[in-house]
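Throughout, a chain's letter reflects where its sequence line sits, starting with A, and its residues are numbered from 1. Model, not experiment: these values are computed from the prediction.
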Protein chains: 2
Amino acid sequence: MPDSLRRFKADIFQALAHPTRIAIMELLEGRELSAGELMEKLRMEQANISQHLAVLRAKQLVVNRKAGNQVFYSVRDPIISKVLALMRRYFQKHLKDTMELLEEMHDSVIPPER
Amino acid sequence: MPDSLRRFKADIFQALAHPTRIAIMELLEGRELSAGELMEKLRMEQANISQHLAVLRAKQLVVNRKAGNQVFYSVRDPIISKVLALMRRYFQKHLKDTMELLEEMHDSVIPPER
DNA sequence: TGCGAATATTCGACCCTTCGCATATAGTAT
DNA sequence: ATACTATATGCGAAGGGTCGAATATTCGCA
């Protein structure tokens, strides 16, 4: 496989390599949401969400549809959703190790989420 | 889904988000290779391969087995190979768009590979 | 046309990753 | 022990990603 293709594939993973973008992709599984709805569900700054959407758009992981004042996003190809689903299986399978790793990683105490 | 888990999942993608590491994972599909064999197949510096292996090890995408003088690597869970396989399907499906994107991305001329 | 709402883009600071180089560790053999 | 091979780790420089704040664009409506 030529390196240019591998670089491209790496870029796709790179696009998925951010918690917010994963959250966006998971929220978009099977349905369409506007940028505003995403912003509200994720409780993040408008500009920030928009930047992450720009990344996902640039790598063509999502497509957008303008409807009046709003822009609706959806996942471009269900294969990507399958990838995310596989990842969920992977995490369930290795949940114990995952937790241990998590603790090592932020090696002291994980602040409680609220 | 808690954000800590999503961060962890993002880290997995991050680990895959490099052409060299994708190459390593693909070479390891279904078989075991030593660090030296990987280095030779990929024609990269020893230290560099070793650093990439360290990343893959840290995220537990590969496991290693010491045998005398050498260290053999293999993929920890075939689910990850499935993810890579899905990605290959995705690329075949969108090959035309992929190529166009590639040209936009290094938007002038792509230096010939040798 | 002008205004307000929804979304996008730009900018600068900070941080993290990657590379090459140098060095360290682990194992084998003599 | 010494020497040699295989692999790993530490370090600094360069590059790229992420964030918040400010600004720009696009659309609908009066």
Side-chain angles (χ1 to χ4, degrees), chain A residues 3 6-25 27-28 32-74 105-107, chain B residues 3 6-25 27-28 32-74 104-107 111:
Chain A
D3 186 62
R6 249 193 301 254
R7 213 172 313 155
F8 183 77
K9 203 184 292 186
D11 283 343
I12 300 285
F13 283 120
Q14 177 79 304
L16 292 173
H18 193 280
T20 300
R21 292 197 290 269
I22 291 181
I24 290 175
M25 292 302 285
L27 282 173
L28 290 182
E32 213 185 34
L33 291 176
S34 71
E37 288 169 317
L38 286 169
M39 171 187 126
E40 154 188 324
K41 282 177 188 292
L42 293 173
R43 302 187 166 282
M44 310 197 66
E45 300 221 349
Q46 181 270 325
N48 200 353
I49 292 287
S50 195
Q51 286 169 331
H52 285 299
L53 286 173
V55 172
L56 293 173
R57 239 184 305 123
K59 303 301 165 50
Q60 308 207 329
L61 293 179
V62 299
V63 292
N64 56 342
R65 171 180 75 83
K66 295 195 179 184
N69 217 0
Q70 295 166 290
V71 181
F72 287 90
Y73 284 87
S74 52
M105 283 163 63
H106 334 45
D107 45 6
Chain B
D3 185 61
R6 249 194 302 254
R7 211 173 314 154
F8 183 76
K9 205 186 289 187
D11 282 342
I12 300 285
F13 283 121
Q14 177 79 304
L16 291 173
H18 194 281
T20 301
R21 292 197 290 268
I22 291 182
I24 290 175
M25 292 302 284
L27 282 172
L28 290 183
E32 212 186 35
L33 290 176
S34 71
E37 287 169 318
L38 286 169
M39 171 187 126
E40 154 188 323
K41 282 177 188 295
L42 293 173
R43 302 189 164 283
M44 309 197 68
E45 300 219 351
Q46 182 270 326
N48 201 353
I49 292 286
S50 194
Q51 284 170 333
H52 284 299
L53 286 173
V55 172
L56 294 173
R57 237 185 307 125
K59 304 302 166 49
Q60 307 206 332
L61 293 179
V62 299
V63 292
N64 56 344
R65 171 179 75 83
K66 294 196 180 184
N69 215 1
Q70 294 165 290
V71 181
F72 288 90
Y73 283 88
S74 51
E104 283 174 30
M105 283 164 62
H106 338 46
D107 46 3

Distance check, rounded to the nearest 0.5 Å: [X] atom [atom1] versus [Y] atom [atom2]?
X        : Y        : atom1 : atom2 : value
Leu61(A) : Ser74(A) : CG    : OG    : 12.0 Å
Leu42(A) : Leu27(A) : CG    : CG    : 5.5 Å
Arg6(B)  : Phe8(B)  : CZ    : CZ    : 15.0 Å
Arg57(A) : His52(A) : CZ    : NE2   : 13.0 Å

Length of the line joining [X]:[atom1] and [N]:[atom2], which is rounded to integer Å:
X        : N       : atom1 : atom2 : value
Asn64(A) : dA8(C)  : CG    : P     : 7 Å
Arg57(B) : dT7(D)  : CZ    : P     : 12 Å
Leu33(A) : dA6(C)  : CG    : C1'   : 15 Å
Phe13(A) : dG17(D) : CZ    : C1'   : 19 Å
Leu38(A) : dA6(C)  : CG    : C1'   : 13 Å
Ile24(B) : dT7(D)  : CD1   : C1'   : 13 Å
Leu53(B) : dA6(D)  : CG    : C1'   : 13 Å

What protein N or O atoms touch nucleotides 23-28 of chain C N or O atoms at under 3.5 angstrom, if any, and at what distances?
{"residue": "dG27(C)", "atom": "O3'", "partner": "Gly68(B)", "partner atom": "O", "Å": "3.3"}

Could you go through nucleotides 17-20 of chain C and list every protein N or O atom that sits under 3.5 Å from one of its N or O atoms, giving the distance for each pair?
{"residue": "dT18(C)", "atom": "OP1", "partner": "Arg21(B)", "partner atom": "NH1", "Å": "3.3"}
{"residue": "dT18(C)", "atom": "OP1", "partner": "Arg21(B)", "partner atom": "NH2", "Å": "2.8"}
{"residue": "dT18(C)", "atom": "OP2", "partner": "Arg21(B)", "partner atom": "NH1", "Å": "3.4"}
{"residue": "dT18(C)", "atom": "O3'", "partner": "His18(B)", "partner atom": "NE2", "Å": "3.3"}
{"residue": "dC19(C)", "atom": "OP1", "partner": "His18(B)", "partner atom": "NE2", "Å": "3.1"}
{"residue": "dC19(C)", "atom": "OP2", "partner": "Asn48(B)", "partner atom": "OD1", "Å": "3.0"}
{"residue": "dC19(C)", "atom": "OP2", "partner": "His52(B)", "partner atom": "NE2", "Å": "2.5"}
{"residue": "dG20(C)", "atom": "OP2", "partner": "Asn48(B)", "partner atom": "ND2", "Å": "3.2"}
{"residue": "dG20(C)", "atom": "O6", "partner": "Gln51(B)", "partner atom": "NE2", "Å": "2.9"}

Classify the nucleic acid contact of Phe72(B) as base, sugar-phosphate or nothing, counting any heavy atom under 4.0 Å across all strands shown.
->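 Nothing, no nucleic acid heavy atom in range.
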